Amino acid sequence: MKTLFASLIALLALAWGQDIAQTPADPNVHALWHARQQLLYLSGLLSVAMLSLAMFLATRPVWLEAPLGGMDRIYRSHKWAGILAVGFAALHWLTEMSDDILKATIGRQGRVPEQGFSGLLDVLRDLAEDMGEWAIYALLAMLLITLWKRFPYRPWRFLHRAMPVLYLMLAFHAALLAPTNYWAQPVGALLLVLLSAGVYGAVHTLLGRIGKARETSGEIVAVEQLAPDVTTVVCRLGPAWRGHRPGQFAFVSFDDTEGAHPFTIASANQGDHLVRFQIKALGDYTRGLAQRLQPGQSVRVEGPYGRFDMGRRKRRARQIWIAGGIGVTPFLAWLEAMQATPDQAPEAELHYCTRDQANDAFVPRLRALCAALPAVRLHVHGARQGAKLTASALGVSSHTEIWFCGPTALANALRQGLAALGWRPRFHQEAFEMR
């Protein structure tokens, strides 16, 4: 993600710098007014670039899963591209507002002369300027409620639907107010590509086409309250379902008014179009699923997505698998997939971290699956029983590979602990925070 953002920012900065280098300086323009104008252009370019990237990534481009590390990371990139876009937009707005400060300090003399337009183009430019200002205010508000984790998901999702419209307003603003000489230079070509990608994403979203090519209808065949806060839902999908690899996830819609939620597929692919989801109560919607769902109800499943795939492991690396709470679901699928050929299972240390080992509904299932796989050694860490997983207990070496799915706080603690011990192993981690 960092490489993607840094590359895009560097490319835009180079194109912007080339325009400055090729445009003769106006001796009548004060240096501060000139700097303000160029900062306006650069901040505007960076803002529309990041927002264009966010809009394109929102279409769930499967072909980017390999280079970006999975759909979960694509969504994380989408989120941070949006945050950066709003940050650059705020800088753009503050730079625009700085003209009063410059007028008070160095005066109006030496200002950058405005380009002259007339007729319809002049009217459109005025409209584009107003639309850009309104859109920036709306984007700032959206950023605040997105970062405010206590803001309810359903109204947030409803408000988030306005993003394609806000993007189109900003795209109109950028296309009309960009310097005319840009369109004959690389910076203009780059801007055009970005705007095209963003408009594609915005229109695709507004038409409700995201994920439709990978969507399959089916029905619920079983619902079980595995624990007070965990619901098991088994679905039979239609012939369009292309199967999945253990560890992948899907966007599941039980209720059209609620929309799709991402859940890991907790079962192996047996070719019978049956998929199992283990859903933890993490909010108002998931907390009441067991009462709302029943066999026979329709369901829509979009996917599969993700690169948390056992087939991607390094064959010669020592395997350490770590699951925290509901993060055990991809490992359940892994273990189930290995039951048919236990002699081919890789040697691995599986650590499962839970609040209460004695009352955890997943522990018996894990023990039964691992009992048939001698190469996989299970370690259960119950917090209530005083067992807490630490980096030193992992026994990491230079040939270790770690697969982690669980709370971010646990992952960060283990990473920091390993770094303190002088180890930085290959660390695969699901980035399941979609908001």
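None of these values were measured; they are calculated from a predicted model.
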Where V376 and M338 come nearest, the two heavy atoms and their spacing: CG2-CE, 4.4 Å
Exceeds 12 heavy-atom contacts within 6.0 angstrom, atom NE2 of H379: yes
Using the side chain to side chain donor-acceptor pair (under 3.5 Å) definition, which of the options T231, T232, T264 pairs with Q278? T232
Ring-ring centroid check F308 F331, cutoff 6.0 Å: yes
If you draw the axis of the six-membered ring of F427, does the NZ or CZ of R415 fall within 45° of it and under 6.0 Å from the ring centre? yes
Assess the pair F251 and F263: is the distance between their ring centroids shorter than 6.0 Å? no
Between E401 and R315, does at least one N-O distance fall below 4.0 Å, as a salt bridge requires? no
Using side-chain heavy atoms (C-beta onward) and a distance below 4.5 Å, is Q38 in contact with I20? yes
Considering non-hydrogen atoms only, spot the tightest contact between P342 and Q339 and give its length. CD-O, 3.3 Å
Could you check whether atom CZ of R377 has more than 12 heavy atoms from other residues, nucleotides or ligands sitting under 6.0 Å from it? yes
Heavy-atom closest pair, residues V48 and A174: CG2-CB, 4.0 Å
SB check E65 R307 (cutoff 4.0 Å): no
For R355, I'd like to know if atom CZ has over 12 heavy atoms of other residues, nucleotides or ligands within 6.0 Å. no
Would R214 pass as a cation-pi partner of Y305, given that its NZ or CZ must be under 6.0 Å from the six-membered ring centre and within 45 degrees of the axis? yes
Near R287 CZ, under 6.0 Å, is it more than 12 heavy atoms from other residues, nucleotides or ligands? yes
How far apart are the closest heavy atoms of A333 and A268, and which atoms are they? O-CB, 3.9 Å
Above 12 or not: heavy atoms from other molecules or residues under 6.0 Å from CZ of R424? no
Under 6.0 Å between ring centres: does that hold for F88 and W93? no
Please determine whether a side-chain nitrogen of the Lys or Arg among E302 and R60 lies less than 4.0 Å from a carboxylate oxygen of the Asp or Glu. yes
Are the aromatic ring centres of W334 and W321 under 6.0 angstrom apart? yes
